[in-house]
Every structure is written in structure tokens, then in C-alpha cells.
Amino acid sequence: QVQLVESGGGLVQAGGSLRLSCAASGRTFRSIAMAWFRQSPGKEREFAAAITSGGNTYYADSVKGRFTISRDNAKDTMYLQMNSLKPEDTAVYYCAETRAGITIRAGAYDDWGQGTQVTVSS
């Protein structure tokens, strides 16, 4: 019901910054929470950050203090500001939406974006 389009990925050197965007369309008023997940080759998709409709935010320990998730409801857009990037942050980043309670479990999310590649060089 919700379509998600991601943008903002690219190449950056270690220590640099990127801002990812996820534009949502459709029945966004039903959304309970949105989240960012990431996946590297050969690894499982892992939770990075999430934000509820009420503005509460949650972060994985691996990104806490470096990444900031935000949401602009007027534009139906979610952002992930990534600072102090490390090579281990290299992954395809996906945005996701759920109409259930917030969770770090990827299987609980209802809609997903196509993913955007983030590559951090050492």
C-alpha cells in the first residue's frame, strides 16, 4: 500500500557524511513506524534505525551517535543523516514501513524501498 523510493547513496571516504532520503507515497497515514535496514554481501539484513509516527527514535548500537533518523510528515519523507562513516557501514540501505508496532525484525515490515548503495572507502 505504501511505495518507498530511496536516494542519496554514493561513494564517500571514511569520516565523511551522506544523507539518505526515502520518499513515501500511498496510504502513508496508516504508517506506525519507518526504519532503515542495511545489508552487505554475504551478511543478513540488519536493523540500523527506526522512527515512530510519534517521533520516537531507535538506533542500533553500531550506528548510535553517528547516524540520525528523522521524518518530515508534510513531505512524507524519511531521512538518515550518516556522519563519521566507516568502511563497515558499506552496504545497501533499505527503507521500510510498518503498520504494526516498531521492531528491529525485518520480517515485520510491510513495504520496502529498492535500496541505495552506500560505499565507504578506507
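These values consider heavy atoms only, across backbone and side chains, with no hydrogens, waters or symmetry-generated copies.
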Exercise for the section: Indicate whether any N or O donor in one side chain lies under 3.5 Å from an N or O acceptor in the other, for Thr77 and Asp72. Expected result: no

Any side-chain heavy atom of Glu46 within less than 4.5 Å of one from Gln39? no

Nearest heavy-atom approach of Met34 to Leu4 is CE-CD2, 3.9 Å

If we ignore hydrogens and angles and just use 3.5 Å, is the side chain of Ser122 paired with the main-chain N or O of Pro87 as donor and acceptor? no

Distance col, row Lys43:NZ vs Arg38:CZ, nearest 0.5 angstrom, shows 8.5 Å

Closest non-hydrogen contact found for Ile102 with Tyr109 is CG1-OH, 4.1 Å

Checklist entry - Should Arg66 and Asp89 count as an ion pair when the cut-off is N to O under 4.0 Å? => result yes

Taking C-beta and beyond as the side chain, do Phe67 and Leu85 meet within less than 4.5 Å on heavy atoms? yes

*Judged by atom type as modelled, is there a donor-acceptor pair below 3.5 Å linking the side chain of Thr98 to the main-chain atoms of Ala108?*
yes

Practice task
Could you check Thr90 against Val118 for side-chain contact (heavy atoms from CB on, under 4.5 Å), going step by step and ending with a plain yes or no?
Solution key: CA-CA 5 Å; Thr90 295; Val118 172; 5.9 Å; no

(Q) Suppose we call two aromatic rings close when their centres sit under 6.0 Å apart. Are Phe47 and Phe37 close by that rule? (A) yes

Tightest non-hydrogen contact, residues Tyr59 and Ile69, listed as OH-N, 2.9 Å

Closest heavy-atom pair, Ile32 versus Glu97, reported as atoms and distance to 0.1 Å, is N-OE2, 4.4 Å

- Under a 4.5 Å cut-off applied to non-hydrogen side-chain atoms, are Tyr79 and Thr68 in contact? no

Could you check whether Arg45 makes a cation-pi contact with Tyr94, meaning its NZ or CZ is under 6.0 Å from the centre of the six-membered ring and within 45° of the ring axis? yes

Is any side-chain N of the basic residue among Lys64 and Asp61 closer than 4.0 Å to the acidic one's carboxylate O?
yes

OH of Tyr93 to CG of Leu80, rounded to nearest 0.5 Å, is 7.5 Å

One should read off an interatomic distance between Ser53 OG and Arg71 CZ, to the nearest 0.5 angstrom, of 6.0 Å

For Ala48 and Val63 the tightest heavy-atom approach is O-CG2, 3.3 Å

Please say yes or no: joined through hydrophobic side-chain contacts below 4.5 Å, possibly via intermediate residues, are Val120 and Leu11 part of one cluster?
no

Side chain to side chain contact (heavy atoms under 4.5 Å, CB included) with Leu20: of Met78, Glu6, Met82, Gln81, only one passes, and it is Met82

Looking only at heavy atoms, the pair that brings Ser17 and Asn83 closest together is OG-OD1, 2.8 Å

Next on the checklist: Taking Trp112 as the starting point, is it possible to reach Ile51 by hopping between hydrophobic residues whose side chains are less than 4.5 Å apart?
Outcome noted: no

